[in-house]
Q: 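One structure follows; several queries about it will come next.
In this text, all values refer to a predicted model and were calculated from it rather than measured experimentally.
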Amino acid sequence: MYDRYVVIDLETTGHSVEKGDRIIQIGAVVCSNDEIIKTFSTFVQPGLEIPPFIEELTGITEDDIQDAPSFRTVIPTILELLEDCCLVAHNADFDRSFLKKQIELEGYCFPNIPVIDTVELARIFLPQQNSYKLSELAEELGYSHDRPHQADSDASVTAALFQKIIKRCKKLPILTLQQLIPLIRKLKSDVEPILLECINQRKFTKRNETEYDCFRQLAIKKVEKQPASNNDTFKTYEDYMVSDYTELMKTALSQFERRVGQELMMQEVYESFNQNEYKLIEAGTGTGKSLAYLLPALFYAKQHNQPVIVSTQTIPLQEQLFQRDLPILKRLVPFPIHIALLKGRSHYLCLRKFEHSLSVEHSNYEINLTKCMILVWLTETTTGDIEEIMIPTGAKSLWYEIQSDASSDIGKANPWFSRCFYHRARRLAQEAQIVVTNHALLCTDLMHEQRILPQHTHVILDEAHHLEEVASNHLGQRTDYVAFAHIFQRLSTDQEHNWVEHLRAIFKRNELPFRSTERILTLLTNMKEDVDELFRILYSYIQKKNHLSATDVGRNRYRYFSFKEAGVQWQALLECSMRVHMVAKEIAIAFKQLIQPLENNDHEHLHYSDQSFITELEKWFEVLLKEEDTLYQLLLEFDPTVVYWAEIEPRGARNATYLYSKPLDVSVALADLFFAKKKSVILTSATLAVNGSFSYQIKRLGLEDFAPETCVIPSPFDYNQQARLLIPTDIPSIKEVTTDQFSYEIAKKLWQLSEKTKGKTLVLFTSYEMLRIVYDHIRKWNNDHLLHIIGQGVTSGSRAKLMKMFKQSDHAMLFGTSSFWEGIDLPGDELTTVVIVRLPFSPPDDPLIQAQFDQVKEEGGNPFMDISLPQAIIRFKQGFGRLIRSTSDRGAVFVFDRRITTTRYGKKFILSLPNVPVYEDEFNRLLHSHDSYL
């Protein structure tokens, strides 16, 4: 370990010393032997004005720096602090570099000292944190951080964080520390001396490590076995009625608030399960529907000794249900309960593969960082579920290599078999009364010969309005160039993946004849070249097409009919596809011949590591052939009940092409494969009905033959007092102006709104193109950067990252398209205004919508009334529902689409909403007359 650590934080006028930016505040904390021995803080006179956005961010004003010393006069103090120490900072690259450059600008030398970055260390040693931003780390870890973005406060919090990390490091098992050292050397922080000291201390103290299971090369957290269920003496489950559930909640919950809607839903679920009914329940926001279905489901499962499956739309919703509601359930019921969380296999870490990855050298920084994170995480996790940690984007390829999958499972020959996270999750599911899963896994289970979920007859589908979409995605197909490129990379013979030499060594060890691999390598090269050419031809073919539609992430989209497409390019594309198909067949034969001696010798006689490698290699060839089969079906086959389309990145590489197919209708598949095999299914959501009718969902999901019951439970929120629906009358009709003109008018109104509210606004678009135009306008007007503008597809980052940025801002606008209309929970000040730019009709040029329209016309129906309008109303209700999330919320929803009041069908949107006051007026008048809601 180092004798002294100096924790430094800077506040500056910008990011670049070269461009004239300067330090305006320095904070430092000196630590030694786990104690703070000195602090230092000063404002600095930069010799220039502080930019408004820096003043807004830091709270540092011109008054603060007016009499502050110049940086030059502070340098001797800084250099004295840094003498013979280790520099520590949160995002150390910036602080060290900026400080070094400004010191050298004044003619001084910056000392050559070790540096530690607490962002990097926090990611490694606190791998399950939700964020590594200093303010959020402080909040999660319980540190006082009263002045974020001021150097003295930031330095103090960083010092506390650093000390916590060191304490965590000291508690790690020796095996983990030893595995970390070679990886740490490839990272930024000079932390190896600290690890070595921790190892020496552990050896010296002979600390008991019984909490860890140290096996082979890994230390993992020991998992306590679940206690067996005791005989229940409270009363038999048959004696419980819905009234008992309410009494249980009143007794167990200190802040119990009786909800009539929740009791009604409990009654509906109770009756449906006991009478083997199918039921659709629309439960308004705030009903408390999770507990309303979980309690009766739990008692039913206990009474009948069989599990109930609860499925949600997304992984985050699944985890929220498991982490938030499970502890409440445990307090509520008078008997031990087992509730299991089960995800798709690819969410779980394969310990065998990860152990092997530690022996493979990587130069990629993020891959080495991720290995460190996983090593520490293994001492904490009981699930092995990758959702518990945030893997860096650049390490996604590593996860693909180390995730659990069926095709490379070597069964009991795997020394890690008894510790396998995936099989443990399945065992827990077999023992559970409630199994929480997601729609995607549920759909996978329908098609799987070896069922993943335990045998069940009763199911609850939460967020059920997504079931059709998920089933359509699952029954469809997709491929792209990147998918092939990854496989070819894995089957290359470079130094990292030289499978040929590895295979040759296995044959030699087992004294088996080894065929020449020249032909198979030639075939792989030919296939790689053909695949590249195929996607390039397809890209060029689509690029030349007129009337391309845009997706919500900015891709160009084209619906194709393989038997109708014509021209030289399409013919070349088909010929190339056929070449790829024929080469794939030859590769399959050549590979089978290559490993035939091993097949004859039986895998079970191979050493574990050799068997593991062979299974992994077979998997990659299997994946290649499966991907090619998908390509063949997408381009060379045609099914009239399926829609096919392609997408290209307009500014991407010339082979950045994506192919898709989806069935037009999933109702028959859902009816035959799912509903017909269950005794009772509850479908619930806040948005299932259209003007009180469930007929749209019943038809689309294939429920017509099952005589489902329906029920609408209104929200307990007082929308009449809490919300306003505001419709400006001075918004132009999109049909009367161009898209650019309409977008400009929308941008002006949003800018006025931002100046009026100073709060947070969610702006929902139906068109990515319009989102981008509006974003560009507002960005140009936002000269002082006081408004944080976040645009889906414009601001880099995932949906979750954009949401996090929005939550962390005080004054922000978030522009989103389809995926932002729901699944966003922003109570209180986190969201005060929602703007719906246009009524959310699906774009008519969407390939699936186009095909569904054609089908409805053939059947003599009305595409607009049968598909477009019900879909749009459900989506509109979802967008509206983003606003009020608790009884104390207040806010307004603006609708910038005049059709909501000027058309006959528009009134159906308003009638679908709760009893919310509706006001029409000029925009400025609405702003001023309803400012208490903004």
Q: Where is the tightest heavy-atom contact between Pro714 and Thr287, given as atom of each residue plus distance?
A: O-OG1, 4.1 Å
Q: Would the distance check show the side chain of His439 and the main-chain N or O of Asp462 forming a donor-acceptor pair, the cut-off being under 3.5 Å?
A: yes
Q: One pair to check against side-chain contact (heavy atoms from CB on, under 4.5 Å): Arg838 and Ile734. What are the steps and the verdict?
A: CA-CA 9 Å; Arg838 298 202 67 198; Ile734 188 69; 2.9 Å; yes
Q: Should Gln722 and Asp889 count as side-chain neighbours, where that means a heavy-atom distance under 4.5 Å?
A: yes
Q: Could you check whether the rings of Phe909 and Phe876 sit parallel, tilted or perpendicular, using 30° and 60° as the cut-offs?
A: perpendicular
Q: Could you walk me through whether Leu631 and Leu534 satisfy the side-chain contact (heavy atoms from CB on, under 4.5 Å) test, starting with their C-alpha distance in whole Å, then the side-chain angles of each, then the deciding distance to 0.1 Å, before giving a yes or no?
A: CA-CA 10 Å; Leu631 184 68; Leu534 186 153; 3.9 Å; yes
Q: Quick check against the 3.5 Å criterion: does Asp921 have a side-chain atom that pairs as donor or acceptor with the backbone of Leu926?
A: no
Q: Look at the aromatic rings of Tyr719 and Phe880 and report parallel, tilted or perpendicular, splitting at 30° and 60°.
A: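 Tilted, since the angle between the ring planes falls between 30° and 60°.
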Q: Considering only heavy atoms from C-beta outward, does the side chain of Val856 approach that of Phe853 to under 4.5 Å?
A: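 With C-beta onward as the side chain, the pair stays apart.
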Q: Distance alone, cut at 3.5 Å: any donor-acceptor contact between the side chains of Asn691 and Ser693?
A: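 There is no such pair between these side chains.
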Q: Decide yes or no for Val681 and Phe674: does some side-chain heavy atom of the first lie under 4.5 Å from some side-chain heavy atom of the second?
A: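 Sidechains of Phe674 and Val681: in contact.
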Q: Mind checking whether Arg654 and Gln543 have side chains closer than 4.5 Å, heavy atoms only?
A: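 Touching, per the 4.5 Å side-chain cut-off.
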Q: Can you confirm whether Leu635 sits close enough to Tyr560 that some side-chain heavy atom of one is under 4.5 Å from a side-chain heavy atom of the other?
A: yes
Q: Working to the nearest 0.5 Å, report the span between NE2 of His930 and CZ of Arg724.
A: 7.0 Å
Q: Can you confirm whether Val269 sits close enough to Ile281 that some side-chain heavy atom of one is under 4.5 Å from a side-chain heavy atom of the other?
A: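 SC-SC contact between Val269 and Ile281 confirmed.
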Q: Using modelled atom types only, decide if a donor and an acceptor are shared between the side chain of Trp821 and the backbone of Phe765 within a distance under 3.5 Å.
A: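 Side chain of Trp821 to backbone of Phe765: a pair is present.
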Q: Side chains of His458 and Ser680: do they bring a donor and an acceptor to under 3.5 Å?
A: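 Note: His458 and Ser680 side chains miss the donor-acceptor criterion.
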Q: Roughly how far, to the nearest 0.5 Å, is CG of Leu467 from CZ of Arg700?
A: 12.0 Å
Q: So do the side chains of Val837 and Thr766 get within less than 4.5 Å of each other, counting heavy atoms only?
A: no
Q: Is the Phe894 ring parallel, tilted or perpendicular to the Phe923 ring (thresholds 30°, 60°)?
A: tilted
Q: Take Phe820 and Met803 through the side-chain contact (heavy atoms from CB on, under 4.5 Å) test and state the conclusion after the steps.
A: CA-CA 9 Å; Phe820 281 85; Met803 284 294 299; 4.1 Å; yes
Q: Below 3.5 Å, can you tabulate the donor-acceptor pairs from side chains in residues 740-747 to any protein atom, sequence neighbours excluded?
A:
unit_1: Gln741; atom_1: OE1; unit_2: Thr738; atom_2: N; d: 3.0
unit_1: Gln741; atom_1: OE1; unit_2: Thr738; atom_2: OG1; d: 3.3
unit_1: Ser743; atom_1: OG; unit_2: Thr739; atom_2: O; d: 2.7

Q: If you compare all heavy atoms of Glu649 against all heavy atoms of Tyr658, which two are closest, and at what distance to 0.1 Å?
A: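 Heavy-atom minimum between the residues: OE2-OH, 3.5 Å.
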Q: Does the Ser540 side chain pair with the main chain of Ile537, one donor and one acceptor, at a distance under 3.5 Å?
A: no
Q: Judged by atom type as modelled, is there a donor-acceptor pair below 3.5 Å linking the side chain of Thr832 to the main-chain atoms of Lys760?
A: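 Looks like yes, one N/O pair under 3.5 Å.
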Q: In terms of ring plane angle, is the pair Phe864 and Tyr905 parallel, tilted or perpendicular, where the classes change at 30° and 60°?
A: perpendicular
Q: Would you mind reporting whether Lys735 and Arg899 have side-chain heavy atoms less than 4.5 Å apart?
A: no
Q: Between Thr437 and Asp445, is the side-chain contact (heavy atoms from CB on, under 4.5 Å) condition met? List the steps.
A: CA-CA 11 Å; Thr437 187; Asp445 197 60; over 6 Å; no
Q: Which salt bridge (Lys or Arg N to Asp or Glu O under 4.0 Å) pairs, counting each pair once, include a residue from residues 664-691, with sequence neighbours left out?
A: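 Passing the test, one end in residues 664-691: no pairs.
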Q: With rounding to the nearest 0.5 Å, note down the distance linking SG in Cys443 to CG in Leu475.
A: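 If I round to the nearest 0.5 Å, the distance is 7.0 Å.
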Q: Can you label the angle between the Phe563 ring and the Phe561 ring as parallel, tilted or perpendicular, going by 30° and 60°?
A: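 Perpendicular, since the angle between the ring planes exceeds 60°.
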Q: Once rounded to the nearest 0.5 Å, what's the spacing between atom CZ of Phe694 and atom CG of Leu280?
A: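 Taking CZ in Phe694 and CG in Leu280, the distance rounds to 6.0 Å.
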Q: NE2 of His581 to CG of Leu574: how many Å apart, nearest 0.5 Å?
A: 13.5 Å
Q: Restricting to non-hydrogen atoms, name the atom on Asp846 and the atom on Leu848 that form the minimum distance, rounded to 0.1 Å.
A: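 Between these two residues, the closest heavy atoms are OD1-N, 3.0 Å.
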Q: For the residue pair Gln850 and Asp854, confirm or rule out a side-chain donor-acceptor distance under 3.5 Å.
A: no
Q: So for atom NZ, which belongs to Lys699, do other residues, nucleotides or ligands contribute more than 12 heavy atoms lying within a distance under 6.0 Å?
A: no
Q: Check for a donor-acceptor pair, side chain of Thr444 on one end and backbone N or O of Ala440 on the other, with a separation under 3.5 Å.
A: yes
Q: Is it true that a side-chain atom of Tyr481 and a backbone atom of Ala653 form a donor plus acceptor pair closer than 3.5 Å?
A: no
Q: Under a plain distance cut-off of 3.5 Å, with no hydrogens placed, do Glu268 and Tyr293 share a side-chain donor-acceptor pair?
A: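 Short answer, no.
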Q: Which of these passes side chain to side chain contact (heavy atoms under 4.5 Å, CB included) with Phe806: Leu831, Thr795, Thr761?
A: Leu831
Q: Answer yes when Arg559 and Asp845 have at least one side-chain N-carboxylate O distance shorter than 4.0 Å, and no when they do not.
A: no
Q: Any idea which heavy atoms bring Glu468 and Leu701 closest together, and the distance?
A: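 Where Glu468 meets Leu701 most closely, the heavy atoms are N-CD2, 3.7 Å.
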Q: Are Arg875 and Gln878 close enough that a side-chain donor and a side-chain acceptor fall under 3.5 Å?
A: yes
Q: Quick one: do Lys289 and Glu463 make a salt bridge, cutoff under 4.0 Å?
A: yes
Q: Taking Tyr775 for its side chain and Phe815 for its backbone only, find out whether a donor-acceptor pair lies under 3.5 Å.
A: no
Q: Would a distance-only check, ignoring hydrogens and angles, find a side-chain to backbone donor-acceptor pair under 3.5 Å from Glu282 to Leu688?
A: yes
Q: Treating Gln871 as the side-chain partner and Phe841 as the backbone partner, does any N or O pair qualify as donor plus acceptor under 3.5 Å?
A: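 Checking the backbone N and O of Phe841 against the side chain of Gln871, no donor-acceptor pair under 3.5 Å is found.
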Q: When rounded to the nearest 0.5 angstrom, what is the spacing between NE2 in His474 and CG in Leu442?
A: 9.5 Å
Q: Between Glu736 and Arg898, does any NZ, NE, NH1 or NH2 come within less than 4.0 Å of an OD or OE carboxylate oxygen?
A: no
Q: Does one side chain, of Ser272 or Lys279, offer a donor that lies under 3.5 Å from an acceptor on the other?
A: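 The criterion, which ignores hydrogens and geometry beyond distance, is satisfied for Lys279 and Ser272.
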